[in-house]
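Just below is one structure, and these are the notes that go with it.
Note: hydrogens, waters and symmetry copies are ignored here, and every other heavy atom, side chains too, is used.
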Amino acid sequence: MFNPPMIALVISLILVFINVKLPSFLVTDLTELGDTNVPLALIFIGFAIAKTSRKELLPNKETVTLSLSRFVLAPLTMALIMMPFDLPSLLKQVFIIQAAMPAMTNAAVMALEYKADYKFASISITQTTLLMLLVIPILMFIIS
């Protein structure tokens, strides 16, 4: 529960609620440091994929289940949640597409940090990202 992201969230919420303004040089430096997050995670995923056999890269029961959850179950759930609300059509479409985004890139790094299966996380991120190129246009056609 007390991991670095959680501690950072608590500290940042406290700073926001007491209206603390950080110096601009610190905001700039921290923003640039944060901007390295995704590229570094992608480099890590590349290393993990490079150490993986070709057989492990093929879709299996777990990755197919994950993909179905990401691209079918999540958007469907989001659509059902929004049904009772009178929201603009574009807003509903954005929420549904957001629900169908691939697995987040930081999941592989977090899996390694918490001694979970980081190779599986890397493979899942890669597969869902590639599959997204096919699924998102189809989903956009369906919801428009």
Completion exercise
M82 and I96 have their tightest heavy-atom pair at CE-CG1, 3.6 Å

Handout entry: Sequence neighbours excluded, every pair satisfying ring-ring contact (aromatic ring centres under 6.0 Å, His included) that has a member inside residues 61-108
Key = none

Handout entry: Under the side-chain hydrogen bond (donor to acceptor under 3.5 Å, both in side chains) test, residues paired with E56 that sit two or more places apart
Key = S53

Handout entry: Pairs meeting criterion ring-ring contact (aromatic ring centres under 6.0 Å, His included) with involvement of residues 121-144, two or more places apart
Key = none

Problem - Same apolar cluster: L33 and V27, side chain cutoff 4.5 Å - result: no

Problem - Within one Ile-Leu-Val-Met-Phe-Trp-Tyr cluster: L130 and L58, side-chain cutoff 4.5 Å - result: no

Practice task
Work out which heavy atom in S122 is nearest to a heavy atom in A48; give both atom names and the distance.
Solution key: OG-CB, 3.2 Å

Problem - All pairs passing side-chain hydrogen bond (donor to acceptor under 3.5 Å, both in side chains) where residues 125-144 contributes a residue, at least two apart - result: T63-Q127

Handout entry: hydrophobic_cluster_shared for L139 and L80, side chain cutoff 4.5 Å
Key = no

Exercise for the section: Could you identify which residues cluster with I49, counting Ile, Leu, Val, Met, Phe, Trp and Tyr as linked when any side-chain heavy atoms lie under 4.5 Å apart, either directly or through a chain of such contacts? Expected result: V38, L42, I45, L57, I123, I125

Handout entry: Gap separating the CG atom of L131 from the CG atom of L66, nearest 0.5 angstrom
Key = 10.0 Å

Handout entry: Atom pair CG (N60) and NZ (K55), whose distance is rounded to the nearest 0.5 Å
Key = 10.0 Å

Problem - Side-chain heavy-atom pair K21, N19 within 4.5 angstrom cut-off - result: yes

Completion exercise
Here the side-chain hydrogen bond (donor to acceptor under 3.5 Å, both in side chains) pairs for residues 29-45, sequence neighbours left out, are none

Handout entry: Common cluster, M110/M101, ILVMFWY with side-chain heavy-atom separation under 4.5 Å
Key = no

Practice task
Indicate, with yes or no, if V10 and V20 share a hydrophobic cluster defined by side-chain heavy-atom contacts under 4.5 Å among Ile, Leu, Val, Met, Phe, Trp and Tyr.
Solution key: yes

Practice task
Supply the members, apart from I81, of the Ile/Leu/Val/Met/Phe/Trp/Tyr cluster built from side-chain contacts under 4.5 Å; use none for a lone residue.
Solution key: none

Handout entry: Inter- and intrachain pairs under side-chain hydrogen bond (donor to acceptor under 3.5 Å, both in side chains), touching residues 102-117, at least two apart
Key = N3-Y114

Handout entry: Fellow cluster residues of V16, listed by chain then number, with links counted only when side-chain atoms sit under 4.5 Å apart
Key = none

Practice task
Give every residue pair that meets the ring-ring contact (aromatic ring centres under 6.0 Å, His included) criterion with at least one member in residues 36-57, sequence neighbours excluded.
Solution key: F44-Y118

Handout entry: Rounded distance [0.5 Å steps], OG in S69 versus CG in L76
Key = 11.5 Å

Completion exercise
For V64, the hydrophobic cluster (side chain heavy atoms closer than 4.5 Å, chained through members) also holds L68, V72

Handout entry: S12 and L15, any side-chain heavy atoms less than 4.5 Å apart
Key = no

Practice task
Mind checking the NZ-CG spacing from K92 to L87? Nearest 0.5 Å is all I need.
Solution key: 6.0 Å

Exercise for the section: Determine the minimum heavy-atom distance between P75 and R70, stating which atoms define it. Expected result: CD-O, 3.4 Å

Fill in the blank from the handout: By side chain to side chain contact (heavy atoms under 4.5 Å, CB included), M140 pairs with (sequence neighbours left out) I97, I136

